[in-house]
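In this text, all values refer to a predicted model and were calculated from it rather than measured experimentally.
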Amino acid sequence: MGTLVREDQGEILLPKLSYQLLCVLCDAAPAIVSQDTLMKCVWPNIIVSDETLKQRVKLLRKSLNDSASSPIYIEVVRGRGYRILPEVVAQIIDVENHLDKRQILPKDNRPVKRLNKDDEQLSATASVLAYWRMMLLVLSMSLLPLVGLFVWYIVERNDNADIQAFVEPLKPAPAVKKKEVRFSDQLYQKALIYYHRYREEDNRHAIDLFHSAIELDEDLAPAYAGLSDAYSQGVFQFNGPVQWQKKAVEAAYKAIALDPDLAAGYKALGLAYYNKGWLAKAVMANLKALRKEGNFNEAMSNLGFIYREMGLLAQAFHWTGKALEIEPNNSVSMVHQALNFMALSQFVESKRWLDKSLLLQPDSVFANDALGLWYLQQGQFEAAKMHYLKQLSLLPQQWQFRLGLAQSYVYLNQFSAIQGVIKPLNIPENTQIQDKVQLLVLLAENQQEVGHNQALIARIKHRLERGSDRAEDSFHLAVIYAEQKDSSNCYRYLIQAINQGWLFYTLTLNHPSFQFIHEEKGFVQLLNEMKEQQAFAALEKKVL
């Protein structure tokens, strides 16, 4: 059945489901309504898929002459849901005086827009019933007055029921009290926009805006979750100070304390745990977020990323794939999928996903750094060097590109060039980045004495003892002990790295620090172990 919605140009005849969807969005305005909430409100007694909701939103947009790419009425907020953009004003309408049967059909060339074939069929049915009513009336008056009167009564009753069924949906929804849009909520929404731009300067703007929102409303749980994410992104992507790791954890705890059902709070906690190297804890936090909000694609994407670092590739493919189902054009999830295929040494498929991501966001630091790794993992060290040089010409201060270029020089045995690349790095507080830089300095200067490296060894071991299960830390220890020609400890931490998920076969095979054990049986066996784990993961992925 149709429902009329007023516009300046006339009336729009909406299908019932489209009208219900519009009512839910208007009722919640200006807040965002999650996909789960929309599906429960519009389809209360049946289970529908995300695709059903997307198609209904598409139909409603078409009815309103709205555009998904540049919306005027309905906006999709990535990973969160939908909301109405214009200001919603509730108004009580006198239905008896405002609407009557004559307004149902076009009159005086007033435009009426019908949106589905059911509405047209309904109008045709009403016309047929009217015709037969007239015929029966004539028959009753000329031939059988009593029978005619009886028939007229039945037809009139049925016709009134039909008209009532058509008019009923025209009644406006109950008056909705206009909700006040708090300035703290506006600041929070603005901060989210800056956070999702994935740029260093924008991330700092996001942190400031989240703080401003919290100053206005100290109980605004989503703002604490957003603040935690921004701190974590600052550390992970932009070489933020190490204190931000602790602040990220504390902000996530605060969000959960204020709202234990807030999925974003658990997702933020998972990202904060990841930055500290606590991968197993990070997995549990993101799974908790998904128990709170089943279609939370950011939590799914994070799970895919973490599982890959743990060497659990089947799980990584599962969650990254689900995130892409919900948001097919998410460039970050595309990079995660590319890295998954890279871990399997399936480089053609990996490049396909990287190309898609870079088409959507050509200047993405994350995607371009992953492309450099794509060259390195295939042993294309010269190509990797040229790629990182090109990226540094565009973003000279980007530390990921400097570390990637220095790594290329290591595999090209061009150690004299390393110092010039990493010297400009501004690394005041982030100890993990400091350790990577110091390891590169060690390789460049060929420092084999234990005394030169003892502090570096102690810091990395301290992270492992504090709960870090990041394979990269163990691999770096193996490299340091290899430089010291300590084969026992070299093997010990290389085995630990592989068990933690280190599957970079080519980078391990060609690393110059391992040349002194290159022909040893134990080293060959470890390389074969990596190959076997890749093959098993590929088989497990097919089974799942």
Side-chain angles (χ1 to χ4, degrees), residues 18 20-44 48 50-58 60-61 64 66-90 173 176-197 206 209-210 212-214 216-217 219-230 255-256 258-268 289-290 292-301 323 326-330 332-333:
S18 295
Q20 289 176 340
L21 174 62
L22 183 59
C23 284
V24 174
L25 291 172
C26 288
D27 183 48
I32 299 168
V33 186
S34 69
Q35 291 184 348
D36 284 345
T37 300
L38 285 171
M39 288 188 285
K40 289 176 183 176
C41 292
V42 180
W43 295 271
V48 297
D50 297 345
E51 186 61 30
T52 301
L53 174 61
K54 289 178 182 177
Q55 291 303 316
R56 180 53 57 182
V57 171
K58 183 177 180 182
L60 179 55
R61 276 182 171 147
L64 300 175
D66 201 11
S67 168
S69 57
S70 53
I72 300 174
Y73 297 111
I74 301 173
E75 179 188 31
V76 60
V77 182
R78 184 174 64 182
R80 302 194 62 206
Y82 299 87
R83 67 177 169 190
I84 288 290
L85 288 176
E87 181 180 2
V88 176
V89 178
V176 179
K177 184 178 179 181
K178 182 181 174 182
K179 294 182 179 180
E180 181 184 358
V181 181
R182 300 182 306 167
F183 190 50
S184 58
D185 293 323
Q186 293 179 339
L187 289 173
Y188 164 70
Q189 294 295 338
K190 195 71 174 177
L192 281 182
I193 293 173
Y194 276 109
Y195 167 75
H196 284 112
R197 288 177 181 172
L209 286 167
F210 283 130
S212 297
I214 290 169
L216 292 175
D217 183 359
D219 294 329
L220 189 59
Y224 286 99
L227 180 61
S228 174
D229 280 337
I256 295 169
L258 288 170
D259 186 354
D261 289 326
L262 182 66
Y266 290 99
K267 188 268 292 185
L290 287 169
K292 301 294 182 181
E293 185 179 329
N295 290 325
F296 198 175
N297 72 309
E298 287 188 55
M300 293 174 180
S301 187
I326 294 173
E327 195 171 349
N329 291 326
N330 187 304
V332 174
S333 294

Give the minimum heavy-atom separation between [X] and [Y], together with the two atoms involved.
{"X": "Tyr73", "Y": "Asp66", "answer": "N-OD2, 3.1 Å"}
{"X": "Ala263", "Y": "Glu293", "answer": "CB-CB, 3.6 Å"}
{"X": "Ser301", "Y": "Ser333", "answer": "OG-OG, 3.1 Å"}
{"X": "Asp36", "Y": "Gly294", "answer": "OD2-N, 3.9 Å"}
{"X": "Asn295", "Y": "Gln35", "answer": "ND2-OE1, 4.1 Å"}
{"X": "Gly265", "Y": "Ala255", "answer": "CA-CB, 4.3 Å"}

Report the distance from atom [atom1] of [X] to atom [atom2] of [Y], rounding to the nearest 0.5 Å.
{"X": "Ile74", "Y": "Arg61", "atom1": "CD1", "atom2": "CZ", "value": "6.0 Å"}
{"X": "Leu290", "Y": "Tyr266", "atom1": "CG", "atom2": "OH", "value": "13.0 Å"}
{"X": "Met39", "Y": "Thr37", "atom1": "CE", "atom2": "OG1", "value": "9.0 Å"}
{"X": "Leu220", "Y": "Leu187", "atom1": "CG", "atom2": "CG", "value": "9.5 Å"}
{"X": "Asp217", "Y": "Asp185", "atom1": "CG", "atom2": "CG", "value": "7.5 Å"}

Check step by step if side-chain hydrogen bond (donor to acceptor under 3.5 Å, both in side chains) holds for Arg56 and Ser18. CA-CA 7 Å; Arg56 180 53 57 182; Ser18 295; 2.8 Å; yes
Is any side-chain heavy atom of [X] less than 4.5 Å from a side-chain heavy atom of [Y]?
{"X": "Asp229", "Y": "Lys267", "result": "yes"}
{"X": "Val33", "Y": "Ile84", "result": "no"}
{"X": "Phe210", "Y": "Leu192", "result": "yes"}
{"X": "Ile32", "Y": "Gln189", "result": "yes"}
{"X": "Leu21", "Y": "Tyr82", "result": "no"}

Please determine whether the number of non-hydrogen atoms from other residues, nucleotides or ligands lying under 6.0 Å from atom NZ of Lys54 exceeds 12.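 For Lys54, atom NZ is crowded (more than 12 foreign heavy atoms under 6.0 Å).
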Does a sphere of radius 6.0 Å around NZ in Lys292 hold more than 12 heavy atoms from other residues, nucleotides or ligands, not counting ones at 6.0 Å or beyond? yes
